[in-house]
Amino acid sequence: MLDIKRIVAKNISEQVSQLDIEQIYENLEYPPNAEMGDVALPCFKLSRILRKSPNQIAQELASSITPSQFIEKVEAVSGYLNFFINRPLFIEKVVDRIMVEQDKYGSSDIGKSRNIVIDYSAPNIAKPFHVGHLRSTVIGNSLRKIFEFMGYNCIGINYLGDWGTQFGKLITAYNLWGSKQAVEEKGIKELMRLYVKFHQEAEKNPSLEDEARSWFARMERGDKQATELWQWFKDISIKEFEKVYDLMDVDFDYYTGESFYNDKIEPIIEELKQKGLLIESQGALIVDLEQYDMPPCLILKKDGSTLYATRDIAAAIHRKREYGFDKCIYVTGASQSLHFQQWFKVIELMGYEWANDLIHVPFGIVSLGGEKLATRTGKVVLLEDIMSEAIKKTLEIIESKNPGLENKEDVARHMGVGAVIFSDLYSNRIKDVSFSWDEILNFDGETGPYVQYTHARACSVIRKSEETTVDDNNFNSRLLQTKEEYQLCKTLYEFPEKTRMALSQLEPSIITRYLVDLAQDFNRFYHEHPILVDDKELRKARLSLVKAAKITLANGLRLIGLKPLEKV
RNA sequence: GCGCCUGUAGCUCAGCUGGAUAGAGCAACGGACUUCUAAUCCGUAGGCCAGGGGUUCGAAUCCCUUCAGGCGCGCCA
């Protein structure tokens, strides 16, 4: 594998006995622009060790390093030692590697025989799927793809919000204002209406809250009437969620919601008691976390029913036994950070050393016109509506740009849905986002359609080239001398570095950003240099670059959960 | 009140474990399609990196502090 920093570091270490290769490697960086060189060593830190001025060190090293096959020249510029590499050789190595590795380019096997549980999406039963849930779904889905790309075995779990007092509320509302017919006809929309009405009425009549709690308590005792209603609501909801997941090409290995762990809680409570962690406080059972500067973790309410944390603890222990995970990752909103810290600590206090393998991956909230999204008040943008608008807009563009395209509907679906996913994965996950129709339906610039368009453009050139001759993959990289060609190649080279970063930071946006950079470099190259030229050698060389870009774009797109499109 | 997160161009955001003149896109304005898909490309304009201290040869980046916004903080999830 080609590692230009390593080559340079090795070269320097042969000249300076006081420094080992790793130290040098760590300090190497890429200069801000190509005229300065390809790899640089800032000599300021060395100044103290070597007791010379940075400039002097750079000068001396510059004159003592002899050019090699890979390093063409070395320059000292104001304290920096700048290396200029053999660009044709670099291009050849990078493109060859991509040609060989194909859809594995950027991947790794560091995760071999390791299991990762990823808990994502987790919508609440009886509530519509809106933009807020979208984030967990797309971030989790992308992380899963990234982990798999790095060799891990992933278990995707959709931890449905199918248990809790909210169902008491829903049952209460259904009994008071609902009808079987309305729910059957309107599905989740009717359930939401009932839920919203409950909260409106409960403001005037707080006793409704008590009734809701008692219905939930009945559910926990296995009461027939309560359970049947709950199961019915759940079936309706899952059916609707699956439509959304199909649309987005997202899937899960298990749909084990909170209710799944219901019968696994009792032993956990016993265990907590045995380990002396549970104490009674104001009628409830808690784990005190004061010495860890956290509020207590509530385990059982005074009416004996469970809480979110209780179920999370039971679920984690169950998952550890079941899947023997190396890491268990929870993709949920940042507002739940304290909750996760609390119950992670409880797991640790229970004596499980794998408490450190539990990871919360938080993300910022989605707001709408400055207001928080809330199902209770009905203030939501439904995912269904966003997707259909995006698809509609895409179809319109296709009709005007490329009306002869085959499979228009299918392309429009991938393009439109992809645009929404892309935009959600575009900035750092921790940032709050403000939903805007204008932004989500803008297909110019740093967007999913831009990257897809670029990929399709590359495919198109490759297709055209194959109409005349089938070129082999040998090419003369010395014919690729322009700055656009080199820049494109440099960016292609960075891909494996980016996938590693995305993995270690659990940050899909690193890939999304990268795709935009790569697409920009490709489009500049494409615009500036004709590819299907008469000169056979030049054509082969440029075409190789196009193929390498196409492969890398496709690999990146898959990592964020999009299907690379061949024609748009 | 305490804790966590965020603050970079009019808007949306990049900026790696500190490094060379702070980068994109959108919006605005001006250019480029008889030639491989113009959902593209090129150019112009736009910045006391929230304010103030400090550490350092060097700070958007690290530390302290103030301000602004968001999110949490016992029977919701």
Side-chain angles (χ1 to χ4, degrees), chain A residues 26-27 29-33 36 40 42 44-45 47-48 53-54 77-80 82 122 124 161 163-166 169 213 258 281-286 293-303 305 307-309 311-312 332-339 341-342 362 364-365 367 372 394 397-398 400-402 405 415 419 423 426-428 430-434 436 438-439 442-454 456-465 497-498 501 505 509-510 513 516-517 519-520 523-524 526-533 539 542-543 546 567-568:
Chain A
E26 294 291 303
N27 280 303
E29 56 189 49
Y30 301 119
N33 68 59
M36 291 169 163
F44 310 98
K45 283 181 192 159
S47 158
R48 200 163 297 155
S53 77
V77 184
S78 56
Y80 286 87
N82 292 336
N124 291 322
W163 206 247
T165 314
Q166 54 182 323
K169 292 177 182 174
R213 268 193 288 273
E258 295 178 57
S281 168
Q282 298 166 33
L285 291 179
I286 66 162
D293 295 318
M294 280 187 274
C297 184
L298 260 74
I299 302 295
L300 281 183
K301 299 190 224 173
K302 60 184 166 203
D303 68 1
S305 59
L307 286 130
Y308 189 34
R311 296 189 284 273
D312 272 337
T332 80
S335 59
Q336 295 182 40
S337 292
L338 177 61
H339 161 76
Q341 274 181 53
Q342 287 177 302
I365 54 163
S367 62
K372 202 178 153 184
T394 309
I397 295 174
I398 292 172
S400 70
K401 308 266 183 190
N402 193 5
L405 181 70
M415 195 70 131
S423 105
Y426 172 64
S427 51
N428 286 341
I430 199 65
K431 296 243 167 131
D432 290 346
V433 296
S434 176
S436 138
D438 284 350
E439 250 167 70
N442 173 30
F443 293 173
D444 299 327
E446 299 170 330
T447 65
Y450 172 71
V451 178
Q452 288 284 23
Y453 173 78
T454 307
R457 222 180 192 187
C459 290
S460 175
V461 181
I462 295 166
R463 259 196 320 272
K464 284 241 158 57
S465 78
E497 208 168 308
K498 297 292 179 181
M501 281 170 68
Q505 294 175 33
S509 70
I510 289 173
R513 289 276 161 190
V516 169
D517 286 343
Q520 281 175 346
N523 282 321
R524 280 182 197 125
Y526 177 94
H527 190 265
E528 215 56 43
H529 308 290
I531 294 149
L532 303 178
V533 291
R539 167 192 161 113
R542 289 195 178 144
L543 202 53
V546 175
K567 292 180 184 175
V568 297

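To find a chain, count down the sequence lines: A is the first, B the second, and so on, and within it residues start at 1. Side chains included, hydrogens not; waters and symmetry mates left out as well; all remaining heavy atoms used.
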Q: Please give, in whole Å, the distance from B:rA20 P to A:N82 CG?
A: 12 Å
Q: What's the CG-C1' distance between A:D517 and B:rA14, to the nearest Å?
A: 8 Å
Q: Which whole-number value in Å describes the distance from A:Y426 OH to B:rG23 P?
A: 16 Å
Q: Of the nucleotides B:rA20, B:rG74, B:rA39, which has the atom closest to the A:M36 side chain?
A: B:rA20
Q: Would you say A:K431 and A:S509 are linked by a side-chain donor-acceptor pair, where the criterion is simply a distance under 3.5 Å?
A: no
Q: If you look at every strand shown and take non-hydrogen atoms under 4.0 Å, does A:A284 touch a base, only sugar-phosphate, or nothing?
A: base
Q: Expressed in whole Å, how much space separates the P atoms belonging to B:rA50 and B:rA9?
A: 8 Å
Q: Would you say the base of B:rU40 and the side-chain of A:D444 have a donor-acceptor pair closer than 3.5 Å?
A: no
Q: Check the phosphate of B:rU40 against A:K401, side-chain N and O only, distance under 4.0 Å to OP1 or OP2. Yes or no?
A: no
Q: Is there a Watson-Crick or G-U wobble partner for B:rC16 with both distances under 3.5 Å, and which nucleotide is it?
A: none
Q: Quick one: A:D432 CG to B:rG7 P, roughly how many Å, whole number?
A: 11 Å
Q: In the strands shown, is B:rU34 matched to any nucleotide by a Watson-Crick or G-U wobble pair with both distances under 3.5 Å, and which?
A: none
Q: Give a yes/no answer on whether the side chain of A:Y450 brings an N or O atom under 4.0 Å of OP1 or OP2 in B:rC41.
A: yes
Q: Under 4.0 Å between a side-chain N/O of A:Y453 and OP1 or OP2 of B:rA39, yes or no?
A: yes
Q: To the nearest Å, how far apart are A:F44 CZ and B:rA59 P?
A: 12 Å
Q: Within this structure, what is the CD-to-P distance between A:Q452 and B:rU40, rounded to whole angstrom?
A: 13 Å
Q: Does OP1 or OP2 of B:rA14 have a side-chain N or O of A:N428 closer than 4.0 Å?
A: yes
Q: Does any nucleotide pair with B:rC11 by Watson-Crick or G-U wobble geometry, both distances under 3.5 Å, and what is it?
A: B:rG25
Q: Expressed in angstrom and rounded to an integer, what is the separation of A:I365 atom CD1 from B:rC5 atom C1'?
A: 11 Å
Q: Check this one for me: any side-chain N or O of A:R457 less than 4.0 Å away from OP1 or OP2 of B:rU40?
A: no
Q: Are OP1 or OP2 of B:rC76 and a side-chain N or O of A:R213 less than 4.0 angstrom apart?
A: yes
Q: Counting only side-chain N and O atoms of A:N523, is one of them less than 4.0 Å from OP1 or OP2 of B:rU37?
A: no
Q: Taking all atoms of both residues into account, what is the closest heavy-atom pair of A:S305 and A:D303, and its distance?
A: OG-OD1, 2.7 Å
Q: So, OP1 or OP2 of B:rC42: does either fall under 4.0 Å of a side-chain N or O from A:R524?
A: yes
Q: Under 3.5 Å, is there any donor-acceptor pair linking the side chain of A:D312 to the base of B:rA77?
A: no
Q: Taking the nucleotide of RNA chain B with the closest heavy atom to each, which residue, A:R463 or A:S78, is nearer the 5' end?
A: A:S78
Q: Within a strict 4.5 Å, meaning less than it, do heavy atoms of the A:S423 and A:T447 side chains meet?
A: no
Q: Which listed nucleotide (B:rU21, B:rU8, B:rC5) is nearest to the side chain of A:K431?
A: B:rU8
Q: Considering every strand shown, what is the Watson-Crick or G-U wobble mate of B:rC62 when both distances are under 3.5 Å?
A: B:rG54
Q: When you check the phosphate oxygens OP1 and OP2 of B:rU37, does a side-chain N or O of A:K464 lie under 4.0 Å from one of them?
A: yes
Q: Could you give the distance separating B:rC63 and B:rG25 at their P atoms, to the nearest angstrom?
A: 32 Å
Q: Would one find a side-chain N or O of A:S337 under 4.0 angstrom from OP1 or OP2 of B:rC4?
A: no
Q: Please give me the minimum heavy-atom distance between A:T394 and A:F443, naming the atom from each residue.
A: OG1-CE1, 3.3 Å
Q: For a side-chain contact (heavy atoms from CB on, under 4.5 Å) check, start with the C-alpha distance between A:M36 and A:V77, then their side-chain angles and the critical distance, and finish with the verdict.
A: CA-CA 9 Å; A:M36 291 169 163; A:V77 184; over 6 Å; no
Q: Without decimals, in angstroms, what is the distance between A:H527 NE2 and B:rU35 C1'?
A: 12 Å
Q: If we call it a pair only when both distances are under 3.5 Å in a Watson-Crick or G-U wobble match, what pairs with B:rG3?
A: B:rC71
Q: For B:rC26, does the O4'-C1'-N9-C4 (purine) or O4'-C1'-N1-C2 (pyrimidine) torsion place it in syn, i.e. within 90° of 0, or in anti?
A: anti
Q: Taking only side-chain N and O atoms of A:R48, does any of them lie within less than 4.0 angstrom of OP1 or OP2 on B:rU56?
A: no
Q: Which sits closer to the 5' end of RNA chain B, A:A309 or A:I398, going by the nucleotide each is nearest to?
A: A:I398
Q: Go through the side-chain N and O atoms of A:Y453 and A:N523 and say whether any donor and acceptor fall under 3.5 Å apart.
A: no
Q: What is the nucleic acid contact for A:L298, judged by heavy atoms within less than 4.0 Å: base, sugar-phosphate only, or nothing?
A: base
Q: Return yes if the base of B:rG70 and the side-chain atoms of A:S367 contain a donor-acceptor N/O pair under 3.5 Å, otherwise no.
A: no
Q: Between A:C297 and A:I299, is any pair of side-chain heavy atoms under 4.5 Å apart?
A: yes
Q: Within the 3.5 Å criterion, strictly below it, is a donor on A:S436 or A:D438 matched to an acceptor on the partner's side chain?
A: no
Q: Going by purine N1 to pyrimidine N3 plus the second Watson-Crick contact, or the G-U wobble pair, all under 3.5 Å, which nucleotide sits opposite B:rG46?
A: none
